[in-house]
Peer 1: 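I am attaching a structure below and will ask some questions about it afterwards.
The model shown is predicted, which means the values in this text are computed figures rather than measured ones.
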Amino acid sequence: QVQLVESGGGLVQAGGSLRLSCAASGRTFSTYAMGWFRQAPGKEREFVAAITWDGGRSYYADSVKGRFTISRDKTKNTGYLQMNSLKPEDTANYYCAATLRVGIVTMRHVYDYWGQGTQVTVSS
């Protein structure tokens with residue numbers, strides 16, 4: 001069992017940066033692949049970024065590639081999403097998720113555990 005808690009969201013101006021954190025409980029979190037998703041009002045939850053269990057590979061949605069960076073610190077049982085050059089269209093509730101599946105996982109239905117989300121609002 002894994003419990004995930006996101007933090008780090010907030011209000012930022014366009015062009016600014018935020019770093020989201022995803023704190024995990026459970027000693028086996030280091031064996032889980034991790035992903036970040038986001039959901040804007042009236043829209044479906046969409047894939048943002050994913051990283052393998054060992055941090056060796058990462059993958060990004062085209063809309064955030066070159067601006068966002070996903071990472072993880074196994075010693076702290078925490079995952080991160082560094083978001084730079086933020087745009088108003090990045091405004092959404094951001095969720096982290098974990099799965100035991102091997103490799104990069106982009107489909108939300110594959111993830112077994114989800115956090116409660118953290119709101120990111122980018123003003124123009």
Side-chain angles (χ1 to χ4, degrees):
Q1 191 79 312
V2 173
Q3 290 186 330
L4 305 173
V5 179
E6 302 95 335
S7 63
L11 174 63
V12 63
Q13 288 189 334
S17 298
L18 283 173
R19 188 176 81 156
L20 306 183
S21 297
C22 175
S25 64
R27 290 181 291 178
T28 60
F29 177 67
S30 61
T31 64
Y32 284 72
M34 201 185 84
W36 286 93
F37 290 75
R38 66 187 182 186
Q39 188 168 17
K43 295 188 177 181
E44 289 194 355
R45 192 170 298 188
E46 65 174 4
F47 169 77
V48 174
I51 191 167
T52 51
W53 70 272
D54 62 350
R57 285 190 296 143
S58 57
Y59 184 78
Y60 300 90
D62 287 343
S63 58
V64 306
K65 200 173 296 182
R67 300 187 297 122
F68 290 12
T69 303
I70 188 172
S71 62
R72 64 191 304 164
D73 186 336
K74 290 185 179 181
T75 65
K76 297 181 179 178
N77 258 9
T78 301
Y80 303 97
L81 184 68
Q82 177 67 43
M83 306 186 296
N84 298 328
S85 302
L86 282 161
K87 305 175 181 180
E89 51 263 44
D90 294 318
T91 295
N93 206 7
Y94 282 71
Y95 299 86
C96 67
T99 175
L100 279 173
R101 290 288 186 97
V102 176
I104 293 292
V105 181
T106 63
M107 294 178 291
R108 65 177 188 261
H109 71 273
V110 176
Y111 283 88
D112 304 299
Y113 302 102
W114 291 85
Q116 83 291 345
T118 185
Q119 178 67 36
V120 172
T121 303
V122 184
S123 63
S124 57

Peer 1: Would you please name every residue forming a ring pair (Phe, Tyr, Trp, His ring centres under 6.0 Å) with Tyr113, sequence neighbours left out?
Peer 2: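 For Tyr113 the ring pair (Phe, Tyr, Trp, His ring centres under 6.0 Å) partners, ignoring immediate neighbours, are Tyr32.
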Peer 1: Identify the heavy atoms of Ala92 and Ala40 that sit nearest to each other, and give their distance.
Peer 2: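 Where Ala92 meets Ala40 most closely, the heavy atoms are CB-N, 3.9 Å.
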Peer 1: Once rounded to the nearest 0.5 Å, what's the spacing between atom OG of Ser58 and atom CZ of Arg72?
Peer 2: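 Those atoms lie 11.5 Å apart.
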Peer 1: Among residues at least two apart in sequence or on other chains, which ones pass side chain to side chain contact (heavy atoms under 4.5 Å, CB included) with Ile104?
Peer 2: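 Expected list: Ala50, Thr52, Arg57, Tyr59, Thr106.
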Peer 1: Hydrophobic cluster mates of Trp53, side-chain heavy atoms under 4.5 angstrom, ILVMFWY only, any path?
Peer 2: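 The other cluster members (ILVMFWY side chains, heavy atoms under 4.5 Å, direct or chained): none.
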Peer 1: Which residue, Asn84, Leu11, Val120, Thr121, forms the side chain to side chain contact (heavy atoms under 4.5 Å, CB included) with Leu18?
Peer 2: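 Passing option: Val120.
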Peer 1: Distance check, rounded to the nearest 0.5 Å: Glu6 atom CD versus Tyr94 atom OH?
Peer 2: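 The CD atom of Glu6 sits 12.5 Å away from the OH atom of Tyr94.
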Peer 1: If the condition is side chain to side chain contact (heavy atoms under 4.5 Å, CB included), which residues does Val110 pass it with, not counting sequence neighbours?
Peer 2: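 If we apply the side chain to side chain contact (heavy atoms under 4.5 Å, CB included) test to Val110, skipping adjacent residues, the hits are Thr99, Arg101, Val105, Met107.
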Peer 1: Can you sort out the partners of Ser71 under side chain to side chain contact (heavy atoms under 4.5 Å, CB included), two or more places apart, ordered by chain and number?
Peer 2: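 By the side chain to side chain contact (heavy atoms under 4.5 Å, CB included) rule, Ser71 matches Tyr80.
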Peer 1: Taking salt bridge (Lys or Arg N to Asp or Glu O under 4.0 Å) as the definition, give me every residue that meets it alongside Arg67, ordered by chain and number, with sequence neighbours left out.
Peer 2: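 Partners of Arg67 by the salt bridge (Lys or Arg N to Asp or Glu O under 4.0 Å) criterion, ordered by chain and then number, come out as Asp90.
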Peer 1: Hey, quick one: are Tyr95 and Leu86 part of the same hydrophobic cluster, counting side-chain heavy atoms closer than 4.5 Å, chains of contacts allowed?
Peer 2: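 No; tracing contacts between hydrophobic side chains, which count when under 4.5 Å, never links both residues.
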Peer 1: What pairs with Glu89 under salt bridge (Lys or Arg N to Asp or Glu O under 4.0 Å), at least two apart in sequence or on another chain?
Peer 2: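 Glu89 satisfies salt bridge (Lys or Arg N to Asp or Glu O under 4.0 Å) with no other residue.
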Peer 1: Between Gln116 and Val5 (side chain of the first, backbone of the second, donor and acceptor by atom type, cut-off under 3.5 Å), is there such a pair?
Peer 2: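 Such a contact is absent between Gln116 side chain and Val5 backbone.
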Peer 1: Looking at residues at least two apart in the chain, or sitting in another chain, which of them share a ring pair (Phe, Tyr, Trp, His ring centres under 6.0 Å) with Phe37?
Peer 2: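 Applying ring pair (Phe, Tyr, Trp, His ring centres under 6.0 Å) to Phe37 gives Phe47, Tyr111, Trp114.
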Peer 1: Only counting residues at least two apart or in another chain, list the ones meeting salt bridge (Lys or Arg N to Asp or Glu O under 4.0 Å) with Lys65.
Peer 2: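 Listed in chain order: Asp62.
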Peer 1: Hey, are the side chains of Met83 and Val64 touching, using non-hydrogen atoms and a 4.5 Å cut-off?
Peer 2: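 They are not in side-chain contact.
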Peer 1: Taking all atoms of both residues into account, what is the closest heavy-atom pair of Ser124 and Ala14, and its distance?
Peer 2: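 Of all heavy-atom pairs spanning Ser124 and Ala14, the closest is CA-CB, 4.3 Å.
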Peer 1: Any chance you could lay out the side chain to side chain contact (heavy atoms under 4.5 Å, CB included) test for Lys74 and Asp54, step after step, and finish with the verdict?
Peer 2: CA-CA 9 Å; Lys74 290 185 179 181; Asp54 62 350; 4.1 Å; yes
Peer 1: According to the salt bridge (Lys or Arg N to Asp or Glu O under 4.0 Å) rule, which pairs have a member within residues 103-124, sequence neighbours left out?
Peer 2: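 Qualifying pairs: Glu44-Arg108.
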Peer 1: Using the side chain to side chain contact (heavy atoms under 4.5 Å, CB included) criterion, which residues pair with Ser7? Sequence neighbours excluded.
Peer 2: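 For Ser7 the side chain to side chain contact (heavy atoms under 4.5 Å, CB included) partners, ignoring immediate neighbours, are Ser21.
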Peer 1: Give a yes or no on whether the backbone of Val122 and the side-chain of Thr91 come within a donor-acceptor separation of less than 3.5 Å.
Peer 2: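 The answer is yes, because a donor-acceptor pair under 3.5 Å joins these two groups.
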Peer 1: Out of curiosity, Arg45 CZ to Arg38 CZ, how far, rounded to the nearest 0.5 Å?
Peer 2: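 Here the interatomic distance stands at 13.0 Å.
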Peer 1: Considering only residues two or more places apart or on different chains, which pairs with a residue in residues 78-124 satisfy disulfide bond (SG atoms under 2.5 Å apart)?
Peer 2: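 Listed by first then second residue: Cys22-Cys96.
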Peer 1: So, the side chain of Ser25 versus the backbone of Gln3: is there a donor-acceptor pair under 3.5 Å, distance only?
Peer 2: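 Indeed, once roles are kept as given, a pair shorter than 3.5 Å links the two residues.
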Peer 1: Could you state the interatomic distance from CG (Leu81) to CZ (Arg19), rounded to the nearest 0.5 Å?
Peer 2: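 Answer rounded to 0.5 Å: 10.5 Å.
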Peer 1: At their closest point, which heavy atom of Thr78 faces which heavy atom of Ala23, and how far apart are they?
Peer 2: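 Answer, listing the atom of Thr78 first, then Ala23: OG1-CA, 4.1 Å.
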Peer 1: Taking all heavy atoms of Tyr60 and all of Ala49, pick out the closest pair and write down the distance.
Peer 2: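 Distance-wise, the nearest heavy atoms are CD2-CB, 3.6 Å.
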